[in-house]
Each structure stands twice: as structure tokens, then as C-alpha cells.
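A short write-up of the structure that comes next.
Source: prediction; values computed, not measured. Below, chains carry the letters A, B, ... as their sequence lines are ordered, and counting in each starts from 1.
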2 protein chains.
Amino acid sequence: MSAQTSVGAGSSGAARRTPFGAARRTAFGTPPVPAAGVPLDDVDRAILRALEADGRMSNKDLADRVGVAASTCHARVAALRARGVLRGFHADVSPEALGRGLQAIIAVRLQAAARARLGAFARGLAERPEVRDVYLLGGAEDVLVHVAVQDSPALRAFVVEHLSTRHEVAHTQTSLVFEHLHAPTVTR
Amino acid sequence: MSAQTSVGAGSSGAARRTPFGAARRTAFGTPPVPAAGVPLDDVDRAILRALEADGRMSNKDLADRVGVAASTCHARVAALRARGVLRGFHADVSPEALGRGLQAIIAVRLQAAARARLGAFARGLAERPEVRDVYLLGGAEDVLVHVAVQDSPALRAFVVEHLSTRHEVAHTQTSLVFEHLHAPTVTR
DNA sequence: AGTGAAAGTAGTGGCCG
DNA sequence: CGGCCACTACTTTCACT
């Protein structure tokens, strides 16, 4: 199971309609389609840029913005989803609002023997509620874990319970995150 | 200017309507509201969880999912936006589809004298098209830069041009990203 | 606060430049 | 392939509970 099982699948009215003919219910960080070979024209890029800025923009507004008819725009968006260019739409929830105002990045080095289980280790971490991102690296460190916690005791508890006392882990180094800037993928 | 200026503001039909009475056009990674003190009930959390998984879910589907009337659901979402809990909705665009299939994290240490300009330095980096995230840290390193580039020459070019040859930069360490797991903020 | 109905808009599919 | 039109469905406001 991935970082987010059953959130988009479980409960009541299962397969309902979503704008843009959403076939695939994309999970976080899971690439569903290998990304095609068609190069993306200016309209496609304008659509992606607009939807990165405001993912709930109506199709009509989007069409007006990029300068095509609504039907054309709708078809473009569906095609971008089908091609795997548009992986999904996600709400941006403030961690502070959930009482997790302290962020940190923990660099983790594994025991050499444990590197074979790196994937499972990382996926296990990603299921913890305090974990926001897990980066699997090649370099001096093996994993970077981005967490949001309530306070420094909670940070310490996370590091101790899930990292430093685990036998797979050789070394950890924790750094507080003072600010996190996130930039759009499509810039021009 | 932030990591993303003018994307949600520029072109034609300026101030149009967006679902959920979007007042604020949230920029990437910019916290607009200090996050209130009302604790979030089960319905709020269910709404946030569903919208993190699928940010384009219709209000009707969302209402059915969380078990309230559409009008109630609509009001809840508007309130969550107004309180700054829901910061925005963003499309998830595959960097591979844009020809940037190689990701890396570069740890940067600045010259002591340049630390005063850290914020400006970070914001400058975030405006580069290859940059996805910039983390400002307290610890052994000052900044972590997450980039997506076309290939290793492009990675090298980025590091040389924007990091290692800059006089503010004392040291860089580049690690390739083999996998990136992103987890939702609201887990339960 | 939450609900249900009513009016306004937007999404969807078929057909035509 | 892109635009237009009609039909259906959803979003959003408001008076009531």
C-alpha cells in the first residue's frame, strides 16, 4: 500500500463524476502513466499553468483565459489527464491549521545491509501522519524525510521512535525548516 | 515577487468566479492567513481529506461523501478557505511530461556574511523553472533546493550557474532523487 | 448551524464550419 | 480539430427550522 490508501476509494458513492472526465483517481506521488511523446503546445502549457495556480478554476474560465472554446479546452484537459501530464488535483491544506506548525527535514543514512529494503522503509514512513514528503536519494544520505509536527518534543519523539532506534538506520541528521517555497512545474 | 508571480492574475478576464467562493488567490507556498483557533470537527477533516485526494471533486459528491447537504458542504468549504485552513487547489503536473525527468536535491551552505540575504537568495532560486521546492533550514546546511531537470548536463549547468559559482555560496552537495513520495496533510 | 428548494451557470455530447 | 447549441446537472443563495 502506498502513502495514501483508501482515501479516494473507500466510503459511499464510489464512481461518481468529476469535471474533466476524470478516469484515473491519482494517488499522491504515484506516476500512473509513463508520460507520452507529444511535445505540448502553447495552449496545453497555458492550461497547465492556470490549473497549477488554481486547480478549481471552471472549464469556462480556463477556456477564456487560454483563448479557446470551452469544448476545446475540455478536450485538451481530458487529453492531458489521459497522457499522464496532468496527474491530479489536490487541495493545499495548511499544516499549521492542523496543529502541526513545526517542520523539519531529517536526513537518514541506512545500514548497508538494510538498503535492499529501502523502498518498504520509505513507504512505511510516508504512512505516518507527521510525514509530508519522503525523498529517496542516491548520495551521501539515503532518505530525506520532511515532517510537520506540533512541537519539538513531537519532533524528537518521531525521530526516536521511527528513525534513530530502528535497526535499519545508521545515522540521522535533523534540520528545522524555517520556510518552504513551492514553485509551479510549468513556468512558461 | 514570490515564487510565482502573475500566474493567477495576468491575462484576459481578470476577476472571475471560482467554486467555493474563492476570495483569496493563494500563491504557492505563501501562507495568507495566520491559521485560526477553531479546532476543526470531523466533517471539516473529512472534507479536507477528500479534497486533498481529489481537489476537483464536485461539491455534491463531496457533500454525499462526508454526509451533509450540498449547501452545508459549500459553506464549510468557504469557511475553511476563509480561515486559511484550505490554502488553495493545485494541479499536479508531471515533470517528466515536460521533459524534466531527472530530479535532484542540492544542499547549499552559504558564506556566513551572506546569510542576511538568505531570503532573497531563496526566492531568486524559486523563480528558476527547474526549481520545484526551496527549503530554508537551520542546521548544518542553509538551503535545500529540489530541482527537476532534463538530464545530468542540465543539472550540472544549474548547479554551476546558480549555486556553486555564486559568491554567496560556500558549499553545495547534490544528490539524485530516485523517488519522491508525497503524503496528504490530513490523515485521519 | 444545517437544510431544501429555486434560480443561475456550467459541463457534456452531438453536429456543423 | 475547433466552435456552437441544446440538454442535463451542479453550484449557490436564501428563507426556514
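- When the C1' atom is compared between D:dC7 and C:dG17, the two are found 22 Å apart, to the nearest whole Å.
- With sequence neighbours excluded, the residues forming a salt bridge (Lys or Arg N to Asp or Glu O under 4.0 Å) with A:Arg45 are A:Asp42, listed by chain and number.
- Checking D:dC10, D:dT12, C:dT3 against the side-chain heavy atoms of B:Ser58 singles out D:dC10 as nearest.
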Please convert DNA chain D into dot-bracket. A pair counts if it is Watson-Crick or G-U wobble with both distances under 3.5 Å; crossing pairs go in [ ] and bases paired with another strand get |.
||||||.|||||||||.

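- In this structure, B:Arg56 atom CZ and C:dA10 atom P are separated by 13 Å, rounded to whole Å.
- Annotation: B:His180 is in aromatic contact with B:His146 [ring centroid separation under 6.0 Å].
- Atom pair A:Lys60:NZ and C:dT9:P shows a separation of 10 Å (rounding to whole Å applied).
- Residues B:Leu110 and A:Leu181 share a single hydrophobic cluster, defined by chaining ILVMFWY side chains whose heavy atoms lie under 4.5 Å apart.
- The local environment of CZ in A:Arg115 is crowded, with over 12 non-hydrogen atoms from other residues, nucleotides or ligands closer than 6.0 Å.
- Scanning both residues, B:Val186 and B:Glu52, for their nearest heavy atoms gives N-OE1, 2.7 Å.
- In this structure, B:Asp64 places its CG atom 14 Å from C1' of C:dT3, rounding to the nearest Å.
- Of the possible polar contacts, one joining the B:Ser164 side chain to the B:Val159 backbone as a donor-acceptor pair under 3.5 Å is found.
- Rounded to a whole Å, the CG atom of B:Leu62 is 12 Å from the P atom of D:dT12.
- An OP1 or OP2 oxygen of D:dG2 is reached within less than 4.0 angstrom by a side-chain nitrogen or oxygen of A:Arg76.
- One finds no salt bridge joining A:Arg65 and A:Asp61 here, because no Lys/Arg side-chain nitrogen approaches an Asp/Glu carboxylate oxygen to under 4.0 Å.
- Taking each heavy atom of A:Ser175 and B:Ala140 in turn, the nearest pair found is OG-N, 4.5 Å.
- With distances taken from any side-chain atom of B:Thr72 to the nucleotides C:dG11, C:dT3, D:dG3, the minimum falls on C:dT3.
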Between protein and nucleotides 13-17 of chain D, what N or O pairs are separated by less than 3.5 Å?
none

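- Proximity note for A:Asn59 (side chain, C-beta onward) versus D:dC10, C:dG4, C:dG11: the nearest is C:dG11.
- Checking side-chain atoms of B:Arg117 against main-chain N and O of B:Glu168 turns up no donor-acceptor pair under 3.5 Å.
- At whole-Å resolution of the value, CG in B:Leu40 and P in C:dA1 are 15 Å apart.
- Between A:Arg65 atom CZ and C:dA10 atom P there is a gap of 15 Å when expressed in whole angstrom units.
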